[in-house]
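As structure tokens, the structure follows; a few thoughts come after it.
Just so you know, these numbers come straight off a predicted model, no measurement behind them. Values below: all heavy atoms of this structure, side chains included; hydrogens, waters and symmetry mates excluded. We count residues from 1, following the sequence as given.
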Amino acid sequence: MAIQKPKSIKAWAIGAVVVVAVALLVAFQFRGEGGSAKAKTVTIAGIAYPFEGKQVYNGLTGVVIRDGWLKAELAKRGVALALTPVPTAVGGPLINEGFSGKRIDFAAYGDFPAIIAISGGVPLKLVAPMGQGLHSYLVVRNGLAATSIAELKGKRVALHRGRPWELPFSKLIDANGFKQSDFKIVNINPAATPAALASGNIDAAFLLSDGLLLEQKGAGRVIWSTKQAPADWRMRAELFGRGDFVDENPELTQLVVDAYIRAAAWSAQEANRDRVIRDSARGAMPVEIIARDYADDGIPWRERFSPTFTAELVDHYRSVADYAFARGLVRNKVDVDKLIDRRFVAPALRNAKLDGFWSLTAPAPAQAQAAAPKAS
């Protein structure tokens, strides 16, 4: 004779099945391509500066915001655009924390902190290059007659450790047969550098365009810059995406890359040069410093904003990964081939009819420049 289960147990079992079924149904309703949760917001972090009572984003992120195209395209898909401002003084570390905690999906920031994040287990993807890199400057204090890195041996050099410009400094001293222990490295934030130079607490500083500003203010003298060095020595900043978000949301990622390519094409037009320089100065540097930073380095204006993946770009990231690992700044060697994600730039160029707009892309029709998107 079959033993009957108590009705209460039957009811509980049926109820459990119903609950599971409903949960699965709800889950699938909110799952996107590849079985991933459908994103309702795209969050982009970027360096921002206080300007006229508000936070402003300079560079391509600023153009993307002003253009409004990305926000509108996301809205058509029921997705919101969120922006996370990051102060330049804590840029890399704060963005890395945001990526690690899955609070941000994309960020335009530097090569060195990105390599550090990836080595620590954050699955970043480089989804779009952003130009030809940024210059670094070696500044000596007033009263010091040094004219080369060799003459600074044994002296106190300010270098903010772990920031992107540490790599060009390393390449400079390596090329001259030195190592960091040949100098008294002082790890201070660039904001503290002017006072340290003025007081004589440091003899020199290695900085970005801050170095030009120090010279303009009479606080020091620039004796070297990456304008005198191979292109690979310039620190780079790219558009990085959180790997899991990129893989789970390829359509949204394509829209983000499309928007940055449009912004790059607008910025690359000679007619917009003055606006680009003026906007880049907001809250950051005087206009004349930005203009001087761009000047006399042999890079054509249009190519400054090229989003193309080149062998030089890949080699650069390999050198950053090698340096960070060799110096013990990271525990795990980064596989650069896994970092580079080429899926989105070529379609973005085609979507904006920009094939051939930059010299390193495939040949294109003569009307490419006319097809470049406009930003107000």
Side-chain angles (χ1 to χ4, degrees), residues 46-47 49 51 56-70 108 128-137 208-209 212-213 216 225-239 256-310 312-313 316 345-376:
I47 301 299
Y49 300 87
F51 181 72
V56 298
Y57 297 80
N58 296 340
L60 297 187
T61 301
V63 179
V64 168
I65 296 169
R66 188 175 73 242
D67 181 55
W69 180 87
L70 177 60
M130 291 178 58
Q132 303 296 327
L134 303 173
H135 289 300
S136 304
Y137 299 86
L208 295 181
S209 54
L212 293 175
L213 185 61
Q216 183 194 61
S225 79
T226 47
K227 295 180 182 182
Q228 304 162 236
D232 181 63
W233 289 29
R234 295 192 289 269
M235 69 149 277
R236 296 190 58 96
E238 326 292 352
L239 180 63
V256 173
V257 174
D258 283 2
Y260 274 83
I261 297 298
R262 288 167 57 91
W266 180 86
S267 301
Q269 296 178 70
E270 187 65 37
N272 297 326
R273 179 198 289 251
D274 290 345
R275 177 70 184 273
V276 170
I277 292 174
R278 188 170 68 250
D279 285 352
S280 297
R282 295 181 303 175
M285 293 281 168
V287 169
E288 58 270 23
I289 294 297
I290 300 295
R292 187 179 167 194
D293 187 39
Y294 280 134
D296 303 322
D297 61 5
I299 304 173
W301 182 257
R302 179 182 295 197
E303 297 306 319
R304 291 183 185 281
F305 304 94
S306 173
T308 54
F309 286 103
T310 64
E312 289 77 14
L313 178 139
H316 173 82
V345 167
L349 292 169
R350 290 194 299 271
N351 292 342
K353 298 181 174 60
L354 288 168
D355 287 320
F357 182 72
W358 284 281
S359 64
L360 295 176
T361 60
Q367 67 268 27
Q369 182 169 359
K374 295 178 173 58
S376 58

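For Asp297, the salt bridge (charged side-chain N to carboxylate O under 4.0 Å, His left out) partners are Arg304, not counting sequence neighbours. Partners of Tyr57 by ring pair (Phe, Tyr, Trp, His ring centres under 6.0 Å), not counting sequence neighbours: none found. Contacts of Thr61 classified as side chain to side chain donor-acceptor pair (under 3.5 Å), with partners at least two apart in sequence or in another chain: Tyr260. For Arg278, the side chain to side chain donor-acceptor pair (under 3.5 Å) test picks out no residue, with sequence neighbours left out.
Applying the salt bridge (Lys or Arg N to Asp or Glu O under 4.0 Å) test to residues at least two apart or on different chains, the pairs with a partner in residues 282-296 are Glu215-Arg292. For residues 277-303, the set of pairs meeting the ring pair (Phe, Tyr, Trp, His ring centres under 6.0 Å) definition, not counting sequence neighbours, comprises Tyr294-Trp301, Trp301-Phe305.
The main-chain N or O of Phe357 is found under 3.5 Å from a side-chain atom of Arg302 such that the two form a donor-acceptor pair. Looking only at distances, a side-chain donor or acceptor of Gln132 sits under 3.5 Å from a matching main-chain atom of Glu303. A donor-acceptor contact shorter than 3.5 Å is absent between the side chain of Ser136 and the backbone of Thr226. Between the Asp67 side chain and the Val63 main chain, no donor and acceptor come within less than 3.5 Å of each other. Side chain of Lys227 to backbone of Ala295: a donor-acceptor contact under 3.5 angstrom is found.
Ile261 is listed as a side-chain neighbour of Leu349, based on a closest heavy-atom distance under 4.5 Å. The shortest distance between side-chain heavy atoms of Met285 and Tyr49 does not fall below 4.5 Å.
In this structure, OG in Ser280 is found 10.5 Å from CZ in Arg275, a value given to the nearest 0.5 Å. Of the inter-residue distances, the one linking Ile290 atom CD1 with Leu213 atom CG reads 9.5 Å to the nearest 0.5 angstrom. For the atom pair Ile65 CD1 and Leu60 CG, the distance stands at 11.0 Å (nearest 0.5 Å).
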Between Asn58 and Ile47, is the side-chain contact (heavy atoms from CB on, under 4.5 Å) condition met? List the steps.
CA-CA 8 Å; Asn58 296 340; Ile47 301 299; over 6 Å; no
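Nearest approach of Leu354 to Ala265, heavy atoms of both residues: CD1-CB, 3.6 Å. What you find for His316 and Arg234 is that their closest heavy atoms are CE1-O, 3.2 Å. The nearest pair of heavy atoms linking Ala128 to Val257 is CB-CG1, 4.2 Å. Residue Gly131 comes nearest to Arg236 through the heavy atom pair O-NH2, 2.7 Å, listed as atom of the first residue, atom of the second, then distance. In terms of heavy atoms, Pro129 sits closest to Leu313 at CB-CD1, 3.5 Å. Leu208 and Tyr137 get closest at one heavy-atom pair: O-CD1, 3.1 Å.
For the residue pair Thr308 / Ser306, a side-chain donor-acceptor distance below 3.5 Å is found, with atom types taken as modelled.
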